[in-house]
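Note sheet for the following structure.
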Amino acid sequence: MLDEQVSEQQFYVKGEPLFTIFHNEAEQFSIVKIRIHETNTSFEESEIVIKGYFANLHEGTPYLFYGELESHIKYGTQFAVHSYKTFIPDTKEGLISYLSSDLFYGVGKRTATRIVNKLGERAIEKIVHSPHVLNDIKGLKSETAKNIVERLKENQGFEQVAIYLAKYQVGMKLAQKIYQNYKDEAIEIIATNPYQLVFDIEGFGFKTADMIAQKNGLTYDHPSRIGAGCIYVLQQSAKNGHVYLPVDLCVNQVQKLLLTGNDKLSEEEIIHCFNELNTEKHIIIQEERVYLPVLYYAEDGVASHLKRLLDHPIEDETPKAELLKIIGEIEEEEVLSYGKEQFEAIDKALHSKVMILTGGPGTGKTTVIKGIIKAYAMIHDLSIDITAYDDKADYPFVLTAPTGRAAKRLTESTGLPAATIHRLLGWDGDDSFERDESKPLTGKFLIVDEFSMVDIWLANWLFKAIPNQMQVLLVGDEDQLPSVGPGQVLSDLLEHKAIPFVALTEVYRQKEGSKIIQLAHLIKRDQLQVEDLNKDRDFSFIPCNESQVIQVISSIIEKALQKGIDMKDIQILAPMYRTEAGIMMINRHIQQVVNPKTNRKREVKMNDMTYRVGDKVIQLVNQPEEGVFNGDIGEVVAIFKENENVDKKEQLVVSFDEREVVYERKDYMNLMHAFCISIHKSQGSEFPIVIMPIVKGYRRMLRKNLIYTALTRAKRSLIICGEKQAFLQGVKTVDTNKRFTSLTEKMNKLQNVVEDENDEEELSPYDFMD
DNA sequence: TTTCGTTC
C-alpha cells in the first residue's frame with residue numbers, strides 16, 4: 001500500500017481512468033478502462049481494464065495502481081488492483097502542473113507555483129494534514145483554499161483510510177466499507193474508538209479493534225469495549241454454527257474474553273451492558289437467548305416466509321390415476337422403474353407447495369428430481385427445453401444449489417440449467433442480494449439441491465425471493481456435515497412437522513449385503529460395535545498407530561496400482577491438514593509413491609510444494625467461465641517453460657475430465673494436491689475406492705456426521721486404517737457442540753399464532769433489515 | 001478444526 005512497502009517486484013500501472021465498465025455500489029467494486037501512462041508489467045497495449053475496490057476514480061486524473069495481471073477467458077487480460085493512490089508528481093514542476101490542472105478550480109500556474117515554493121515537494125501531504133498552511137499563500141482566496149483541501153480530501157480520503165488500515169492488515173474491501181460509513185471522520189473514529197467499528201462494520205472484528213486501541217494508547221476500560229466484546233462472542237459462536245447463545249453462557253464467555261489480569265467483570269456489569277445493547281438493537285435478547293440481529297431476523301424471516309408459502313397452497317390437484325399413467329410413461333422413456341418410496345416422493349412433491357426430500361447416497365434423489373420435473377412438465381403441458389422459451393424468465397424450472405460444484409452436478413444429472421444460490425439471487429458481494437420480495441424469482445418450480453449446506457442467512461434470502469405461487473422442493477441429506485454458516489436449517493425444518501417430507505432410505509446403487517451401506521446405517525442408528533469392523537468383501541480395517549498411517553496407506557496404494565487399479569479411482573480422505581497423519585503429509589508421501597520424481601517428468605516448485613506432470617490436484621475456487629469449480633479434481637498433464645509459449649510465462653496445464661485449464665504461477669494457489677483431500681471437501685462427491693485414516697490425533701475433528709460423510713463417499717470399496725478406538729469414539733460423538741438454533745420453535749409458534757388469531761396482520765420483522 | 005459464495 002505504502003511507498004515503503006512497494007518492493008521492486010511489485011507490478012504497477014500508472015494511468016488515467018477513461019470510463020467505468022461496471023460498478024457495484026454496495027461494495028464499491030469497479031471495473032474501469034485505463035489509459036496507461038507507464039507500467040512495469042509485460043502488458044504492451046495503451047489501454048487496459050482494471051478491477052478492484054475503488055472510491056470514485058476521477059476521469060483524467062492520474063493514479064498509480066498496484067496489483068497483478070490476470071487473464072480472463074472472456075474479457076482477456078485485466079489488471080487486478082490490490083492497492084492504489086492518486087499519482088502525485090514528486091518534482092516541483094510536476095506538482096505545479098498538478099495543482100494548476102482542472103482538478104483544482106481557481107488555481108492557476110502562478111498560485112500553484114507559490115504554493116509549491118512555500119510548502120515544498122511534500123505540499124499535498126502538508127495541505128491534507130493541516131489545511132491552515134494555505135492561509136499564508138499570497139493571492140489565494142480562502143474559498144479557493146477550501147476547494148483545494150476538499151478536492152484533495154475527496155480524492156485522497158479513501159486512500160488515507162486504506163493506508164492507515166493497512167497497518168492493521170485490513171484490506172481494501174473492508175477499508176472501502178469503513179470509508180463509505182464514516183467518510184472524512186474515519187481515521188478519527190478508528191483512532192479514538194475502534195470498538196465502534198465492531199458495531200457499525202460487518203466483518204470488522206473485536207481483535208482488530210483491540211489491537212488498534214492498544215497501539216493508540218487506549219485503555220481496557222474504554223466504555224465501548226464490553227459491548228464490542230459481547231458482539232465478538234456472538235460472532236465467534238456464529239462461526240461455530242450457533243444462531244444464538246443462552247444468556248448465562250454468553251455472560252460467561254464475555255467475562256472470559258475481557259478478563260485482564262485478575263480483574264474480572266461482574267455479571268451485573270455485563271448484564272447491564274447487554275440490556276443497553278438490546279435497547280440500541282445491537283443485539284436482541286428474547287427468552288433468555290442472545291442473538292446478533294442479522295441472525296435473529298434471518299431466522300424470523302425463514303419462519304415467516306415459509307409460513308407465507310404454505311398459506312398459498314397449490315390449486316390444481318392431479319388425480320392419482322393420471323399421475324400413475326404419467327409416471328408410467330416416464331419410466332418407459334427413462335428405462336427404469338421407481339421404487340415405492342420414490343413414487344411417493346414424486347407424488348407428494350407434485351402435490352405439495354413446499355416439500356423436503358432427504359436421503360443418503362445411492363437412494364436415488366437425482367432420479368426422483370428428474371421424475372418430478374418430467375411429471376410436472378407433462379401435467380402442465382410445458383416444455384423442459386429452455387430454448388423453447390423466447391423469454392428465459394418464462395422457463396418454469398429453477399434449479400439451484402449452495403455450491404458451484406453442486407450446481408454443476410445438478411446441471412449434469414438433469415440436463416437443465418442450474419446456478420448457485422448466490423448467482424440466482426444476484427449477490428451484491430456484501431450482505432444483500434438483488435432478488436427479494438420486491439423483485440422475486442420467476443418460474444413455477446424451484447428445486448434446491450444439497451440443502452443441508454444452506455445456512456440460516458442464505459435460507460432467509462432465498463425464501464424471501466420466492467413468490468407466493470412458486471412450488472418448492474428442498475433436497476438434502478441431513479446426516480451429512482452441517483452448513484458452514486450458522487444454523488441447521490434442514491434439520492430444523494424436518495423437526496417442524498408441518499412441512500411435508502419424504503425420506504428415501506432404500507439403497508439402489510449398492511447390492512444388498514454391502515458392508516459400507518451396513519456400516520453407514522449402524523452409525524446412523526448409533527449401533528456400531530467393534531465386531532462390525534471385521535473384514536468383508538468391500539471393507540477392511542487395518543489397525544495401525546498414527547506414525548504408521550502413511551506407510552500403511554502407501555503399501556495399500558502400491559498393491560492397488562500393481563493390480564492395475566487407476567489412481568483416479570482411489571481417494572484418500574482425512575479430516576485435517578496438519579498433524580503427523582494430516583492431509584499435507586499424506587499428499588507429500590503419496591506423491592512419491594504414485595508419481596515419483598524422474599528425469600523425464602517436468603515439475604515446478606511453489607513454496608514447499610512440487611507439482612509434477614501426473615499429479616492429482618484439486619481446484620480450490622470457482623471459475624465458472626472455464627467450467628471448473630471449487631472441489632473439482634484433475635491431473636497435471638503438462639508443464640511449459642517460459643520460453644515455450646507465446647505468453648512467455650511458465651504454465652501448468654490441468655485436465656479435468658474433458659476440460660483443460662491453464663494455470664500461470666500466480667494461479668497455483670488455486671490448486672492443491674489431491675491424492676488425499678479433506679472430508680469436508682469430499683462432500684457431494686463419490687469415489688470407487690476410499691482409503692480413510694482414523695487416529696486419535698484427529699480427535700478434535702472426529703464426529704459422527706464427519707465419519708458418516710467420509711464412508712458414504714465409497715462406492716465400491718472402503719479401507720480404513722488406524723485406531724479402532726478412535727473410530728468407535730468418533731462415531732459416538734454427536735456434533736461436539738450442538739448448535740443453538742430456534743427456527744423450529746419460531747415456526748411452531750408462528751403456526752399457532754396465526755391459527756388462533758386468523759385476522760391478525762402478520763408481523764414483518766425483516767422490515768428492519770437493509 | 002473444517003468450511004461457502006460475484007460483478008464486465
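Order of the sequence lines sets the chain letters (A, B, ...), proteins ahead of strands, with each chain counted from 1.
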Exercise for review: Apply side-chain contact (heavy atoms from CB on, under 4.5 Å) to Gln623(A) and Asn670(A), showing your working.
Suggested key: CA-CA 10 Å; Gln623(A) 284 172 225; Asn670(A) 296 342; 3.6 Å; yes
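Closest approach to the Tyr75(A) side chain among dT2(B), dC4(B), dC8(B) is made by dC8(B) (side chain taken as heavy atoms from C-beta onward). You'll find that the side chain of Ile31(A) is closest to dC8(B), out of dC8(B), dC4(B), dT6(B). Side-chain atoms of Tyr53(A) lie closest to dT7(B) of the nucleotides dT7(B), dT1(B), dC8(B). With dT7(B), dG5(B), dC8(B) as the choices, the nucleotide that has an atom nearest any side-chain atom of Asn24(A) turns out to be dT7(B). With dT3(B), dC8(B), dT1(B) as the choices, the nucleotide that has an atom nearest any side-chain atom of Tyr577(A) turns out to be dT3(B). Side-chain proximity of His422(A) to the nucleotides dT1(B), dG5(B), dT3(B) is greatest for dG5(B). Nearest nucleotide to the side chain of Ile21(A), out of dT2(B), dC8(B), dC4(B): dC8(B). Relative to the side chain of Trp427(A), the nucleotides dG5(B), dT3(B), dT7(B) differ in distance, and dG5(B) lies closest.
Phosphate proximity of dT3(B) to Ser678(A): present, with a side-chain N or O under 4.0 Å from OP1 or OP2. Taking side-chain N and O atoms only, Ser483(A) has no distance below 4.0 Å to OP1 or OP2 of dT3(B).
Aromatic ring orientation, Tyr291(A) versus Tyr244(A): tilted (interplanar angle from 30° to 60°). Taking the six-membered ring where tryptophan is involved, the planes of His72(A) and Tyr75(A) are tilted, since the angle between them lies from 30° to 60°.
One interatomic measurement links the two molecules: CZ of Phe629(A) to P of dG5(B), which rounds to 9 Å at whole-angstrom precision. For the pair Leu573(A) CG and dT2(B) C1', the computed distance is 14 Å after rounding to whole Å. Rounded to whole Å, atom P of dG5(B) lies 20 Å from atom CG of Asn460(A). Note: NZ (Lys239(A)) to P (dT3(B)) measures 15 Å, nearest angstrom. Distance CD (Gln683(A)) to P (dT1(B)): 20 Å, rounded to an integer number of Å. Put simply, CD on Glu625(A) is 11 Å from P on dT6(B), counting in whole angstrom units. Spacing between atom CZ of Arg435(A) and atom C1' of dT6(B) amounts to 15 Å, rounded to whole angstrom units. Atom CD in Glu70(A) sits about 13 Å away from atom P in dT7(B), given to the nearest Å.
Residue Pro575(A) is in sugar-phosphate contact alone, with no base atom involved, counting any heavy-atom pair closer than 4.0 Å across all strands shown. Residue-level contact check: Lys681(A) touches the backbone only, with heavy atoms under 4.0 Å from sugar-phosphate atoms and none from bases. The residue Met576(A) sits close only to the backbone: its heavy atoms come under 4.0 Å of sugar-phosphate atoms, none of a base. Heavy atoms of Gln78(A) sit under 4.0 angstrom from at least one base atom. At a threshold of 4.0 angstrom between heavy atoms, the contacts of Gly426(A) with the nucleic acid are absent. Using a 4.0 Å heavy-atom criterion, one finds that His23(A) contacts no nucleic acid atom at all. Looking at heavy-atom distances under 4.0 Å, Asp455(A) makes no contact with the nucleic acid at all. Using a 4.0 Å heavy-atom distance criterion, Lys33(A) is classed as making no nucleic acid contact.
Residues Lys173(A) and Glu27(A) are paired through a salt bridge, judged by an N-O separation under 4.0 Å between the basic side chain and the carboxylate.
Toward the 5′ end of DNA chain B lies the nearest nucleotide of Arg578(A), the other residue of the pair Asn622(A) and Arg578(A) mapping further downstream.
Looking at Gln571(A) and Lys616(A), their side chains do bring a donor and an acceptor atom within 3.5 Å of each other.
A ring-centre distance under 6.0 Å is found for Phe54(A) and Phe65(A).
Of the listed residues (Val472(A), Val448(A), Val489(A)), just one forms a side-chain contact (heavy atoms from CB on, under 4.5 Å) with Leu462(A), and that residue is Val448(A).
For Glu27(A) against dT6(B), a side-chain-to-base donor-acceptor contact under 3.5 Å is present.
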